[in-house]
Amino acid sequence: MRSVAGLLLMLEGLQEFLCQTIHVSQIPAILTAEGSSVTLPCTYSISGAENATSGSYRWYRHMVRTGPKVSDSNEHFTGRLSRAKATEFYMKRSASITLHGADVSDTGVYFCEVTFQHNREISGHGAGTLLNVTSLNVTEHQIVGSRCFAHGYHSQTITVSQIPVIVTPEGSSVTLPCTYSISGADNATDGWYRWYRHTVRTGPDVTDSNKDFTGRISRVDGEEFISSRSASITLHRADVSDTGMYYCEVTFQHGGEISGHGAGTFLNVTGKKR
């Protein structure tokens with residue numbers, strides 16, 4: 001009987017051990033203006049270890065754990081971060097951070113991870129927050145520029161549409177859709193399109209000339225680009241390291257150069273289950 005009772009106690013303890021989990025919540029997207037201070041909210045709850053007091057949290061950009069850390073030790077963020085205080089972390093279950101002096105190059109997906117030590121290490125991370133930092137100066141410049149190219153007609157503008165999120169398994173071929181419309185230059189035929197990763201124009205080109213994508217990119221041909229208003233690409237043999245933000249930009253020559261870009265697509269490539 002003692003051995004049975006002991007076994008039951010062990011099983012009960014094991015069940016409690018295995019049921020210790022952390023659930024982390026983030027909001028899907030935040031839009032902010034360049035130069036502002038923006039808070040990335042992150043809250044968590046603990047199951048099976050409610051009284052745990054030895055914990056910490058980290059933020060990552062682009063990918064959990066393998067992506068760049070969002071901390072003062074990262075020169076890109078040095079002096080621009082505020083973190084939730086210890087009392088807020090434990091009492092309010094907050095692991096939020098605030099980014100000061102937001103820059104267009106800060107655009108991307110940010111992941112919050114919370115870890116506690118309670119008999120063992122338990123951790124959890126959120127689904128990510130897409131931070132989109134817009135530049136008002138660039139927008140105004142583009143509007144004025146399009147008017148300069150109007151030659152007496154209405155302003156020439158290009159509107160580019162992308163879907164916000166795509167999830168695909170590792171090893172697959174995945175299409176990143178991109179469509180566009182033109183106002184004031186509907187008959188324009190001299191155009192092209194480009195894709196960028198992480199940030200528009202300043203980010204890496206998503207092309208065969210980029211060694212990260214060589215031999216893995218298919219593009220719509222010129223006829224489809226003009227007739228179907230499609231600027232989509234397909235990424236073959238997707239890898240977890242491909243996870244990130246992808247931006248589509250469309251440009252036409254029609255009296256002058258006019259261009260527009262989408263709000264970005266977050267591609268999440270999930271690893272195969274072992």
Side-chain angles (χ1 to χ4, degrees), residues 29 34 59-70 74-77 102-111 128-135 138 142 158-180 190-226 228-253 257-272:
E34 188 176 23
W59 281 79
Y60 303 90
R61 191 178 182 197
H62 305 320
M63 291 183 292
V64 181
R65 297 181 183 169
T66 57
K69 290 181 181 179
V70 183
N74 181 337
E75 61 180 7
H76 184 78
F77 298 106
D103 187 81
V104 173
S105 64
D106 294 323
T107 295
V109 179
Y110 292 75
F111 294 92
T129 296
L130 166 60
L131 175 62
N132 188 3
V133 183
T134 61
S135 172
V138 172
Q142 289 174 335
I158 298 177
T159 301
V160 179
S161 300
Q162 297 181 241
I163 62 177
V165 179
I166 295 176
V167 181
T168 193
E170 188 177 20
S172 64
S173 291
V174 55
T175 296
L176 305 182
C178 175
T179 58
Y180 67 93
D190 183 13
W192 61 91
Y193 67 98
R194 292 176 179 171
W195 281 78
Y196 303 91
R197 190 178 183 198
H198 303 323
T199 56
V200 181
R201 297 180 185 166
T202 57
D205 287 324
V206 183
T207 62
D208 270 338
S209 61
N210 182 337
K211 63 181 181 180
D212 288 336
F213 301 106
T214 301
R216 297 197 296 136
I217 299 292
S218 296
R219 297 167 53 91
V220 298
D221 59 26
E223 182 179 351
E224 187 175 359
F225 172 67
I226 298 297
S228 301
R229 296 294 198 242
S230 173
S232 304
I233 59 172
T234 298
L235 173 64
H236 304 283
R237 302 185 301 282
D239 187 82
V240 173
S241 63
D242 294 323
T243 294
M245 287 295 301
Y246 291 78
Y247 294 91
C248 174
E249 181 182 50
V250 176
T251 304
F252 272 84
Q253 287 286 346
E257 185 176 288
I258 54 174
S259 66
H261 62 78
T265 295
F266 174 54
L267 175 63
N268 184 8
V269 183
T270 59
K272 296 177 180 178

Inset, instruction - Kindly indicate whether a cation-pi arrangement holds for Arg219 with Phe225, taking the cut-offs as under 6.0 Å to the six-membered ring centre and within 45° of the axis. - result: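 So Arg219 doesn't make the cation-pi contact.
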Are [X] and [Y] packed together at the side-chain level, in the sense that at least one heavy-atom pair is separated by less than 4.5 angstrom?
| X | Y | result |
| --- | --- | --- |
| Gln162 | Leu176 | no |
| Tyr246 | Ile166 | no |
| Met245 | Thr265 | no |
| Ser241 | Thr66 | no |

Legend entry - Steps toward side-chain contact (heavy atoms from CB on, under 4.5 Å) verdict (Tyr247, Thr107): CA-CA 11 Å; Tyr247 294 91; Thr107 295; 2.4 Å; yes
How many angstroms lie between atom [atom1] of [X] and atom [atom2] of [Y], to the nearest 0.5 angstrom?
| X | Y | atom1 | atom2 | result |
| --- | --- | --- | --- | --- |
| Cys178 | His261 | SG | NE2 | 11.5 Å |
| Phe266 | Leu130 | CZ | CG | 8.5 Å |
| Trp59 | Phe111 | CH2 | CZ | 10.0 Å |
| Arg197 | Leu267 | CZ | CG | 8.5 Å |
| Ser218 | Ile233 | OG | CD1 | 9.5 Å |
| Gln253 | Trp192 | CD | CH2 | 4.5 Å |

Between [X] and [Y], which heavy-atom pair has the shortest distance, and what is it?
| X | Y | answer |
| --- | --- | --- |
| Val220 | Ser230 | CG2-O, 3.2 Å |
| Ala238 | Thr168 | CB-CG2, 4.3 Å |
| Ile226 | Tyr180 | CA-OH, 3.9 Å |
| Phe77 | Arg61 | CZ-CD, 4.1 Å |
| Cys248 | Val160 | O-CG1, 3.8 Å |
| Arg201 | Ser259 | NH2-OG, 3.2 Å |

Legend entry - Stepwise ring-ring contact (aromatic ring centres under 6.0 Å, His included) check, Phe213 with Tyr196: CA-CA 12 Å; Phe213 301 106; Tyr196 303 91; over 10 Å; no
Inset, instruction - Measure from the side-chain N and O atoms of Thr243 to the backbone N and O of Val269, and report whether any donor-acceptor pair falls under 3.5 Å. - result: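 Yes, because the side chain of Thr243 sits within donor-acceptor range (under 3.5 Å) of the backbone of Val269.
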Inset, instruction - Kindly say whether Lys69 contributes a backbone atom to a donor-acceptor pair with the side chain of Asn74 at under 3.5 angstrom? - result: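 It does hold such a pair.
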Inset, instruction - Begin with the C-alpha distance, continue with both residues' side-chain angles, and end with the deciding distance and a verdict on side-chain contact (heavy atoms from CB on, under 4.5 Å) for Leu235 and Ile217. - result: CA-CA 5 Å; Leu235 173 64; Ile217 299 292; 3.8 Å; yes
Legend entry - Candidate list Thr234, Asp242, Asp239, Asp208, test side-chain hydrogen bond (donor to acceptor under 3.5 Å, both in side chains), partner Arg216, passing option: Asp242
